[in-house]
Enquirer: 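Here you go, one structure.
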Amino acid sequence: MSELLNLAESNDYQTLFLRHLRWSKPDLQTISTNNGNGQSLTAKNVSSYKGLRVWVCSELPDSDGQAALDRAIAAKSTDRLVIFHNEHQQVWRWPVRTVQGTSVVYRLSSHRHVNGQSNPKLLKRLETITLPIARELGVTDVLERLRQAFDVETERETKRASKLMAAMFDALTKANVNEHETSVTLARSLFLMFGDDTDMWDKNLFQEFIINHTRSDGSDIAGKLNDLFVHLDTPDVNRSGLDPALANFPYVNGGVFAEPIDLPDTVGKAFRDAILEASKPDWSDISPAIFGSMFQSVRDAKTRREYGEHYTSERDILRTLEPLFLDEFRERFTGTIGHREESAKLEKLREDLAKVKFLDPACGCGNFIVIAYRELRMLEIDILERLKALEHRRGNEAGSQLEVHLGIDTDALGRRSFLSPKVSLENFFGIEIDEWPARIAETAMFLIERQCDMRMLDRLGWAPTRLPIARAATIATSTPDDPSGGNALRIDWTILFTADDHTVIAGNPPYLGHASRTPEQGRDLSSAWKSANVAHLDFVTGWHAVAAHFLRQTSKARFAFVTTNSIVQGEQPGLLFPHLFDQGWRIRFAHNTFPWESEASGKAAVHCVIVGFDREHGPARLWDHATNSNPAEKQFSSLNAYLVPARNVIITKRSSPLSPRLPKVAFGSMPNDGGALVITPEVNQSIESDDAALGFVRPFRGAEELVNGKERYCLWLVNVGPTVISSSALLTERVSQVRITRSASTRLSTQRLAETPHLFGEIRQPSVPYLCIPRVVSENRQYFTTARFGPEVIASDAVFTAPDEDGFLFGLISSSMFITWQKTIGGRLKSDYRFSSTIVWNNFPLKLVTPEQRQAVIDAGTIVLAARGNHPGLSLAKLYDPNKTPADLQEAHDCLDEVVDPLFGLDGEPSEERRQQCLFDRYAELTGQ
């Protein structure tokens with residue numbers, strides 16, 4: 001069991017929070033109360049963090065008693081986590097806050113843990129609220145972590161909302177509503193349901209309109225919604241002869257209801273029922289940041305693949321935005337606290353927040369722009385709260401005094417308050433090729449603005465009035481009238497705004513390899529790169545090219561993308577990064593390969609990296625996911641194109657080995673036989689009665705046989721004449737099958753092979769002992785799983801081969817140095833290591849070795865083989881299971897590394913980072929880079 005759960009079960013909550021979750025010491029005295037039934041309850045403050053507090057009650061009263069003690073704690077501790085426990089179980093309670101009108105309503109979420117039982121959910125919650133070592137979080141950030149960890153009702157409502165959205169979509173689709181009007185209708189419905197629960201108008205006004213003013217059979221729902229949409233876009237001065245059912249709906253403006261649409265009468269009961277069901281959740285608890293996941297859940301997988309859509313989890317969005325620009329703003333905020341010019345510095349920081357222009361050029365449903373806006377607004381609220389506290393200290397306790405001291409702003413509608421947010425929707429932009437998610441993004445931005453206003457009301461006692469809408473985010477999208485309007489690789493981004501030093505670009509553009517993209521997408525990629533030679537670049541790199549061009553006149557602008565990990569592997573780094581480095585861009589931060597996590601069901605199975613760029617100076621930040629799924633940050637002077645803190649060299653394809661000590665590698669032999677020349681163990685037993693055939697059976701090894709120890713055989717008939725073949729019924733039958741199969745092929749080259757049906761289609765069998773190398777190796781392997789075979793063992797085209805008469809190559813490729821090279825610069829299949837001759841092998845930077853050094857490697861490799869032999873019956877897969885490698889085999893590899901490491905200039909304590917640096921240094925020496 002996890003140490004965190006052990007501490008929780010032993011009720012040592014203070015150690016848990018102080019030492020392991022990295023919270024601060026308690027700062028309040030014990031609180032006691034009576035539960036109303038004569039029972040006295042006591043809570044001890046065991047930890048705190050900037051006003052957030054953890055309380056523990058060593059009893060487990062009923063829910064009324066828990067609520068009574070929580071109320072007593074709330075009088076002194078607004079933001080609190082309260083843990084009730086006895087010797088058998090514990091209940092963690094967190095107050096979930098919602099704003100209704102001008103009041104704040106609390107309900108206690110409950111998380112029960114029974115001691116001794118596995119509880120991965122509680123463990124995940126504790127990991128979520130663990131504070132980082134490298135930087136200090138603001139109170140807003142920690143509150144958000146607590147909300148994510150313990151607001152289970154919101155989590156449930158979010159999942160439910162996704163299903164309800166899908167039901168609305170299905171109802172419109174079955175009613176034959178076109179895709180454009182479906183996207184508009186769903187976006188408007190979201191806005192109206194959200195408005196019902198966030199006090200934009202009377203509570204449940206839209207829901208009651210559907211219940212009370214549309215027929216239960218749905219026969220008039222289309223017309224009623226058409227009328228409502230028109231009404232919501234009509235200013236008060238132009239409203240006359242109102243339908244009483246519409247009277248309480250205010251003028252919205254902002255473009256949400258501007259476009260006239262005409263829902264057909266086929267929209268009926270199914271959609272009415274879907275709206276009413278969707279109106280039941282509390283939409284004020286649902287973050288607009290999950291709308292992308294909701295959208296993905298109702299779109300089929302084929303449509304997602306066509307657009308290359310991969311919606312991003314909030315965690316990965318923050319992994320992108322925080323090191324790109326948010327951390328810098330937060331550090332400035334923390335650094336102002338207690339400064340002698342604190343007020344002036346806070347006002348300057350607030351002004352700088354307002355200057356940020358944020359663009360997501362592949363915005364989908366707006367996850368990135370929603371969260372970027374939310375984080376900047378939350379920081380602005382922190383600033384205002386701090387300014388208000390400073391004024392309170394000066395004796396200016398009234399809100400008007402705050403305004404008089406600091407000056408008053410006037411917004412676009414003439415509303416006056418110093419508290420009026422300066423972070424504005426009009427500085428947030430998106431480009432999205434698919435109209436439906438673009439509509440959702442537009443709506444999501446209005447909704448996140450409202451949620452931020454509610455948070456502002458809760459914390460500052462004031463929030464702006466937003467209706468009618470005065471400002472909006474700008475989302476460029478494709479429409480029936482302008483099908484290229486949302487194509488980020490075609491449109492001129494300057495139609496949105498002019499880039500300056502306050503511009504930030506971030507997002508998750510579509511990933512499509514050469515085989516997956518359409519010819520049209522290929523032309524778009526060529527246009528972005530202004531080159532026809534883009535075949536080996538992923539589609540996502542088009543966004544790098546256009547972003548760099550858009551920001552070419554700036555010096556402090558930044559951009560970052562979540563992308564497929566292929567851009568930092570194999571051939572692609574040599575095509576992408578020189579273009580960026582030559583323009584003065586450097587890697588500001590990076591997350592190396594990690595598995596994709598989308599918040600939607602049916603999520604895409606990909607592995608990603610996050611890379612951020614700027615033209616500034618300072619340390620480069622790296623999160624290394626290779627050894628830790630939640631890694632700590634490391635800082636280096638720079639990172640190269642492979643996201644390694646080493647010399648900035650570029651590895652390019654090479655047709656022959658860079659090192660004269662390495663032979664060429666080649667694929668094994670390919671049968672191209674329809675299976676007739678390959679023999680399973682069962683068939684091999686029947687051959688034993690055919691003396692003529694038996695002499696031509698050879699062991700046949702591909703990657704599966706090599707790694708997993710499986711047996712397979714083949715008929716190897718090189719230099720065998722027709723007379724011998726005809727003397728065997730089995731050989732005659734098998735060769736005839738090959739001839740028929742090849743003759744039936746549509747490929748002319750294969751048809752020609754029918755003339756020699758007894759031979760493999762491609763023969764590349766070594767004539768000397770050779771190294772057998774699998775094409776792909778599991779990411780979990782600590783060493784490359786290879787073996788040496790004699791020439792009598794036939795290698796299939798599922799492996800590479802290289803002549804290795806003395807075993808030197810086996811020792812070399814079995815070392816930590818080689819697997820480090822493979823992992824660092826080689827391509828991957830998902831996250832597994834893909835061996836290649838032109839990138840990995842031919843560029844392996846081995847300098848000249850002395851005869852003595854060569855023999856030492858051979859001897860050490862022989863010891864590895866001997867250690868393997870100590871465990872008969874275990875396949876390479878089992879021998880090199882990272883959790884089960886035999887001790888003698890591990891020791892043999894350690895000895896091998898002691899011999900190989902010095903060949904690359906490594907002395908002292910080895911590590912992957914040091915090996916990477918030595919490898920890149922050696923490569924630079926050998927190539928002159």
Enquirer: Ion pair present between D382 and R330, side-chain N to carboxylate O less than 4.0 angstrom?
Expert: no
Enquirer: When rounded to the nearest 0.5 angstrom, what distance separates CD in E331 from CG in L349?
Expert: 11.5 Å
Enquirer: Contact between R332 and D352 at the side-chain level, heavy atoms closer than 4.5 Å - yes or no?
Expert: yes
Enquirer: Between the side chain of Q451 and the main-chain N/O of L447, is any donor-acceptor distance below 3.5 Å?
Expert: no
Enquirer: Kindly determine whether I440 and T443 satisfy side chain to side chain contact (heavy atoms under 4.5 Å, CB included), including the steps that lead there.
Expert: CA-CA 5 Å; I440 301 297; T443 304; 5.7 Å; no
Enquirer: Under the side chain to side chain donor-acceptor pair (under 3.5 Å) criterion, do E432 and T477 qualify, and how do the steps go?
Expert: CA-CA 5 Å; E432 171 51 44; T477 189; over 6 Å; no
Enquirer: Would you compute the distance between atom CD1 of I369 and atom CD1 of I317 and round it to the nearest 0.5 angstrom?
Expert: 10.5 Å
Enquirer: If I take atom OG1 from residue T182 and atom CE from residue M168, how far apart are they, to the nearest 0.5 angstrom?
Expert: 10.5 Å
Enquirer: Can you confirm if the aromatic rings of W493 and H549 lie within a centre distance of less than 6.0 Å?
Expert: no
Enquirer: After noting the C-alpha distance and the side-chain angles of D492 and T494, does the key distance pass the side chain to side chain donor-acceptor pair (under 3.5 Å) rule?
Expert: CA-CA 5 Å; D492 182 356; T494 60; 2.7 Å; yes
Enquirer: Is the W543-F559 ring centre distance short of 6.0 angstrom?
Expert: no
Enquirer: Taking V609's backbone N and O only, do any of them form a donor-acceptor pair with N565's side chain (distance below 3.5 Å, no angle check)?
Expert: no
Enquirer: Determine, for R439 against E259, whether the closest basic-nitrogen to carboxylate-oxygen distance falls under 4.0 angstrom.
Expert: yes
Enquirer: For L232 and L192, which heavy atoms make the closest approach, and how far apart are they?
Expert: CD1-CD2, 3.7 Å
Enquirer: Tell me whether N427 contacts the main-chain N or O of A354 through its side chain, where contact means a donor paired with an acceptor under 3.5 Å.
Expert: yes
Enquirer: Does this structure show an ion pair linking K422 with E351, if we count only N-O contacts that are shorter than 4.0 Å?
Expert: yes
Enquirer: Counting only N and O atoms by type, is there a donor-acceptor contact under 3.5 Å from the side chain of H231 to the main-chain atoms of F249?
Expert: yes
Enquirer: So does D500 pair up with K556, basic N to acidic O under 4.0 Å?
Expert: no
Enquirer: Centre of F613's six-membered ring, under 6.0 Å away, within 45 degrees of the axis: is that where NZ or CZ of R558 sits?
Expert: no
Enquirer: List the steps, then state whether ring pair (Phe, Tyr, Trp, His ring centres under 6.0 Å) holds for F191 with F257.
Expert: CA-CA 10 Å; F191 186 92; F257 298 95; 5.8 Å; yes
Enquirer: Determine whether a donor-acceptor pair (N or O, by modelled atom type, separation under 3.5 Å) exists between the side chain of S478 and the backbone of G486.
Expert: yes
Enquirer: Using only atom types and a distance under 3.5 Å, with no angle test, would you say the side chain of S484 pairs donor to acceptor with the backbone of N487?
Expert: no
Enquirer: Among F561, W529, F550, which one satisfies ring-ring contact (aromatic ring centres under 6.0 Å, His included) with H544?
Expert: F561
Enquirer: Mind running side chain to side chain contact (heavy atoms under 4.5 Å, CB included) on L359 and T503 for me, showing each step along the way?
Expert: CA-CA 8 Å; L359 167 65; T503 299; 5.6 Å; no
Enquirer: So how far is it from L425 CG to E449 CD, rounded to the nearest 0.5 Å?
Expert: 4.0 Å
Enquirer: Checking the side chain of R455 only, and the main-chain atoms of M378 only, is there a donor and an acceptor separated by less than 3.5 Å?
Expert: no
Enquirer: Give the minimum heavy-atom separation between I567 and T541, together with the two atoms involved.
Expert: CG2-CG2, 4.0 Å
Enquirer: Shortest non-hydrogen contact from L164 to A278?
Expert: CD1-CA, 3.5 Å
Enquirer: Mind checking whether V184 and F229 have side chains closer than 4.5 Å, heavy atoms only?
Expert: no
Enquirer: So which atom in A590 and which in L643 form the shortest heavy-atom distance, rounded to 0.1 Å?
Expert: CB-CD2, 3.8 Å
Enquirer: Any side-chain heavy atom of D614 sitting closer than 4.5 Å to one from R586?
Expert: yes
Enquirer: Dump the intermediate steps for side chain to side chain contact (heavy atoms under 4.5 Å, CB included) on D233 and V252, then the final yes or no.
Expert: CA-CA 6 Å; D233 196 53; V252 171; over 6 Å; no
Enquirer: Is it the case that R319 places NZ or CZ above or below the six-membered ring of F594, under 6.0 angstrom from the centre and within 45 degrees of the axis?
Expert: yes
Enquirer: Under a 4.5 Å cut-off applied to non-hydrogen side-chain atoms, are D482 and T479 in contact?
Expert: yes
Enquirer: Assess the residue pair R621 and E633 against the criterion (side chain to side chain contact (heavy atoms under 4.5 Å, CB included)); give the C-alpha distance rounded to whole Å, side-chain angles, the decisive distance to 0.1 Å, and a yes or no.
Expert: CA-CA 7 Å; R621 305 168 67 183; E633 172 191 345; 2.7 Å; yes
Enquirer: For the atom pair CZ (F589) and CH2 (W623), what is the distance rounded to the nearest 0.5 Å?
Expert: 7.0 Å
Enquirer: Can you tell which of L326, L353, V423 makes a side chain to side chain contact (heavy atoms under 4.5 Å, CB included) with L379?
Expert: L353
Enquirer: May I ask you to decide whether R188 forms a salt bridge with E181, counting only side-chain N to carboxylate O separations under 4.0 Å?
Expert: no
Enquirer: Hey, is the main chain of T554 close enough, under 3.5 Å, to the side chain of D501 for a donor-acceptor pair?
Expert: no
Enquirer: Is any side-chain heavy atom of D196 less than 4.5 Å from a side-chain heavy atom of W201?
Expert: yes
Enquirer: Evaluate the side-chain proximity of V177 to L263: yes if any heavy-atom separation is below 4.5 Å, no if none is.
Expert: yes
Enquirer: Any sub-3.5 Å donor-acceptor pair from S527's side-chain atoms to R523's backbone N or O?
Expert: no
Enquirer: What distance separates C363 SG from I431 CD1, expressed to the nearest 0.5 Å?
Expert: 8.0 Å
Enquirer: Would you say the side chain of F329 lies within less than 4.5 Å of the side chain of L376, judging by non-hydrogen atoms?
Expert: yes
Enquirer: Would you say the rings of F539 and Y511 are close, in the sense that their centroids are separated by under 6.0 Å?
Expert: no
Enquirer: So, Q572 side chain and Q569 main chain: donor-acceptor pair closer than 3.5 Å or not?
Expert: no
Enquirer: Can we say D453 and R377 salt-bridge, meaning some charged N sits less than 4.0 Å from an Asp/Glu carboxylate O?
Expert: yes
Enquirer: Does F368 reach the side chain of L321, with side-chain heavy atoms less than 4.5 Å apart?
Expert: yes
Enquirer: Does a side chain donor of either S555 or R615 reach within less than 3.5 Å of an acceptor in the other side chain?
Expert: no
Enquirer: How close do L467 and M200 get, heavy atom to heavy atom, and via which atoms?
Expert: CD1-O, 3.9 Å
Enquirer: Search all heavy atoms of A488 against all heavy atoms of V546 and return the closest pair with its distance.
Expert: O-CG1, 4.2 Å
Enquirer: Determine, for E328 against R588, whether the closest basic-nitrogen to carboxylate-oxygen distance falls under 4.0 angstrom.
Expert: yes
